[in-house]
Number of protein chains: 2
Amino acid sequence: MDTADGTSAEPARARARTRKRAARRTQSASMADVARVAGVSSQTVSRVSNGFPGVNEETRRQVLAAMKELGYRPNSAARALKRGEFRTIGVITFGLSTTGNVRTLEAIATSAAHEGYSVTLLPVAVPTQDEVRGAFSRLGELAVDAVIVILEVHLLDASTLSMPPHVQVVVADSDAGDRYNVVDTDQAGGTRTAVRHLLDLGHRTVWHLAGPEGSYAAQRRTDAWRAELLAAGRTAPPLVRGDWSAESGYHAGLRIAALPDCTAVFVANDQMALGLLRALHESGREVPEDVSVIGFDDIPEASSFLPPLTTVHQDFAEVGRLCVEGVLRQMRQDATEHGTTLVPTRLVVRDSTAPPRAR
Amino acid sequence: MDTADGTSAEPARARARTRKRAARRTQSASMADVARVAGVSSQTVSRVSNGFPGVNEETRRQVLAAMKELGYRPNSAARALKRGEFRTIGVITFGLSTTGNVRTLEAIATSAAHEGYSVTLLPVAVPTQDEVRGAFSRLGELAVDAVIVILEVHLLDASTLSMPPHVQVVVADSDAGDRYNVVDTDQAGGTRTAVRHLLDLGHRTVWHLAGPEGSYAAQRRTDAWRAELLAAGRTAPPLVRGDWSAESGYHAGLRIAALPDCTAVFVANDQMALGLLRALHESGREVPEDVSVIGFDDIPEASSFLPPLTTVHQDFAEVGRLCVEGVLRQMRQDATEHGTTLVPTRLVVRDSTAPPRAR
DNA sequence: GAGAGAGATGTTTACGTAAACATCGGGGCG
DNA sequence: CGCCCCGATGTTTACGTAAACATCTCTCTC
């Protein structure tokens, strides 16, 4: 009857469009469609969609009704193209193996969502210079306005970090020097508290089971451990190294257990501490009676270790939150002062530390 | 002569454009810019950019040179708009707290990157129907072509999962029924192997420390545990429940330790098993001499527990890979047969299981 | 040597949104 | 009573890319 089947007024174009649309499996409705249904111009739809003032209440209601009827969703690609921003933050990270990274990532995702931003993951398979550089160059064609880097490794030399222009960067837990803003856990503070706790208990000195070479966090902890011992006038025993894994902690632990004069160990993370506990147990050295152990991170499981682990609590959530806050701030005002924000840590004393056994 | 330096034929527009561009803080170069420098049309640039054939080698080289000179990066928003796809996969997940989710996510990110897709995170703060529904509706305006759901919870009723059209979905580790494709670990198989292992060792029956109610994975494990016991003609002891955390495993463990005739426990995940081990230890019951313990997941730390934990190994990486493969396949061919893909598990026998102590 | 065909390149157009500018009533004020 | 301004809405245009179509130049064949 009426226009339903094309009155051939200007049928060619209209029909072509319809056909194409149908072929493209129920494409979602566009502003133009909503506008047609609501009997207004697409610009008015845009204004409603973006909550702009200056739209009559009655009109607004009609538009909203039309949107609902058609199930209209703004096309974010078109939006991004027009606005020149994606409302997306990229996170470059090497693996999600370490608890810390994951918790930070989670906090980032939550904070970002809260600010109306999405988070895109940029995994780096192997932490080599080339891989990292690759991730950064892929980044160029990626739909992100800003990037948060959680590579704790020492791979961020100046040449590597060449960002496309107007992409803001914040680096977590690393030493991006003065090129970028950094959010870091107070590694040094936490370490010194831990070492002091052991010394205060009466231990003559404190051994250290360190993280892998090349890790910034590991190095900071090692440096602070040594500094605190020296400040207390003690000599630092030789360094023992692991690779963050419980397994490596176990192997290192077997060596440590063989040292009769070792009464206290500061371990660079909780996983390795777990392995160390096992090694000490198997070697017949009791914790904390024979050896005191302190970890780092305070993973949820730490309170269930045998014995429950004294450890340094890190606030990963806060780190993530600050990273997001930092990027957003940088995006708003193109400010370029670089600095480091420190997130405090605190010592959680459980049952793996005690005064040395009287001899 | 030619148009090369704008013979003031139409200078106004050109200049306006240049000015605007400069004002917009070094906007990156567009195809048109590259085309101008290379002395070709933008379409040719497009062809080079997309690796299409039919471009003269010499021309291609010039275009590539121009791209390099200008630091050209394709604008992904424009691309997405034109192509109607974002080359992005969204992952809806509740928290990243459980190891499994994280490992799966990591595998998803890696596989996706390998296929040229990005991964966007859609965190769900609290696993309530409303929250989940909210995440799904936000999804509508999100730049994703497909969605992978890793909510292991029973919150995926039909009404909740209303996807925008043409967005493909794959569900990991849950029971999306026949609405969506599902990739799931072979919970039942793993569980039955674990229970059988304990029965084969000579235990009269096997207790079960289950995961929280409402968790699909937990329920599957519980069902299979009961089924396997019945199949062997044993009676199933009363269920003990935790919430996946080591802490909850400890509390449940204290109760279990008080049961003198309990000689074998199948625990629904490794974290709870850790707590259980601690509770048993503190209660003076030795593992595996007094009580055998089997976990589920095979987290990296499991081999460092005291004693090293016998557990069911899950291949999270494979699950993630299959999820990506699944969504991509669905995107290519609009196939709509729904089914479940099972990823096998295997029992890893360590030191926490042994025959019951002879009485 | 004329026509066909293939390869190389240019031109037009559309994707969906939103800024900028244009239009159109009507109410207040001199 | 006429002018100006303001609120509400419509029209034009541009964002950067790529499909579709157009053109143009060779070369090969009969």
Side-chain angles (χ1 to χ4, degrees), chain A residues 12-14 16-21 23-24 27-36 38-63 67 70 72-87 140-141 143, chain B residues 2-3 12-14 16-21 23-24 27-36 38-63 67 70 72-87 140-141 143 164 166:
Chain A
R13 221 199 258 165
R17 178 179 165 87
T18 307
R19 214 181 311 126
K20 187 173 181 187
R21 187 146 283 236
R24 268 215 203 183
Q27 189 84 306
S28 46
S30 74
M31 276 195 166
D33 301 322
V34 175
R36 209 173 308 123
V40 298
S41 77
S42 65
Q43 184 53 42
T44 300
V45 177
S46 169
R47 286 191 262 257
V48 172
S49 176
N50 291 304
F52 281 143
V55 177
N56 186 295
E57 196 47 48
E58 173 62 19
T59 312
R60 179 185 305 276
R61 229 174 301 133
Q62 283 177 13
V63 171
M67 281 180 171
L70 297 177
Y72 168 77
R73 296 284 167 200
N75 178 316
S76 51
R79 236 177 213 191
L81 175 59
K82 194 72 186 54
R83 300 213 262 229
E85 63 163 20
F86 301 94
R87 309 227 93 206
E141 38 194 294
Chain B
D2 50 41
T3 56
R13 223 200 255 165
R17 178 178 165 87
T18 307
R19 216 180 310 125
K20 186 172 180 185
R21 185 145 286 236
R24 267 217 205 179
Q27 189 84 304
S28 44
S30 75
M31 276 196 167
D33 300 323
V34 175
R36 209 173 307 124
V40 298
S41 77
S42 65
Q43 184 53 42
T44 299
V45 177
S46 170
R47 285 191 262 259
V48 171
S49 176
N50 290 305
F52 281 142
V55 177
N56 187 296
E57 197 47 48
E58 173 61 20
T59 312
R60 178 185 307 276
R61 228 174 303 131
Q62 283 178 13
V63 170
M67 282 179 172
L70 296 177
Y72 168 76
R73 297 282 166 201
N75 177 316
S76 51
R79 245 183 201 183
L81 174 58
K82 193 72 183 63
R83 301 213 262 227
E85 60 163 23
F86 301 96
R87 310 226 97 207
E141 39 193 293
H166 73 268

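Since we're looking at a predicted model, the values are computed, not measured. Within every chain, numbering begins at 1; the chains are lettered A, B, ... in the order of the sequence lines, protein sequences first and strands thereafter.
Here the CD-OG1 distance, from A:Q62 to A:T44, works out to 10.5 Å after rounding to the nearest 0.5 Å. Once rounded to the nearest 0.5 Å, the distance linking OG of B:S76 with CG of B:L81 reads 11.5 Å. To the nearest 0.5 Å, the span separating CZ on B:R79 from OG on B:S49 amounts to 4.0 Å.
Atom CG in B:L81 sits roughly 11 Å away from atom C1' in D:dA18 (whole-Å rounding). Straight-line distance from the CZ atom of A:R79 to the P atom of C:dC15: 18 Å, rounded to whole Å. Rounded to a whole Å, the CZ atom of B:F86 is 16 Å from the P atom of D:dT17. Between A:R87 atom CZ and C:dT17 atom P the separation is 17 Å, expressed in whole Å. Between the CD atom of B:E85 and the P atom of C:dC15 there is a distance of 17 Å, given to the nearest Å. Note: CZ (B:R36) to P (C:dT9) measures 19 Å, nearest angstrom. Going from atom CE of A:M31 over to atom C1' of C:dA19 covers 12 Å, rounded to whole Å. For A:Q62 and D:dT9, the CD to P distance is 9 Å, given to the nearest whole Å.
Of the two residues contacting DNA chain D, namely A:G54 and A:A78, the nearest-nucleotide position lying further toward the 5' end is that of A:G54. Residue-to-nucleotide proximity on DNA chain D shows that, of A:S42 and A:P53, the 5′-proximal contact is made by A:P53.
Of the candidates C:dA18, D:dG10, D:dA18, the closest approach to any side-chain atom of A:R83 belongs to C:dA18. The B:Y72 side chain lies nearest to D:dT17 when the options are D:dT17, C:dA19, C:dG16. Side-chain proximity of A:Q43 to the nucleotides D:dG16, C:dG10, C:dA20 is greatest for C:dA20. Closest to the side chain of A:K82, out of C:dT9, C:dT11, C:dA18, is C:dA18. Distances from the side chain of A:F52 to the nucleotides C:dA19, D:dT17, C:dC15 place C:dA19 closest.
Residue-level contact check: B:V45 touches neither bases nor backbone, having no heavy atom under 4.0 Å from any strand. In this structure, B:T59 reaches the sugar-phosphate backbone alone: every heavy-atom distance under 4.0 Å involves primed, P, OP1 or OP2 atoms, never a base.
Of the possible polar contacts, one joining the B:N56 side chain to the B:E58 backbone as a donor-acceptor pair under 3.5 Å is found.
Between the base of D:dG10 and the side chain of A:R47 there is a donor-acceptor pair shorter than 3.5 Å.
Between B:N50 and the phosphate of D:dA18, there is a side-chain N or O to OP1/OP2 separation shorter than 4.0 Å. In terms of phosphate contacts, A:S30 brings no side-chain nitrogen or oxygen within less than 4.0 Å of OP1 or OP2 of C:dG16. OP1 or OP2 of D:dG7 has not a single side-chain nitrogen or oxygen of A:N56 nearer than 4.0 Å.
Residues B:T59 and B:R47 bring no donor and acceptor atom of their side chains to less than 3.5 Å of each other.
Residues A:A80 and A:F86 share a closest heavy-atom pair of CB-CD2, 3.7 Å.
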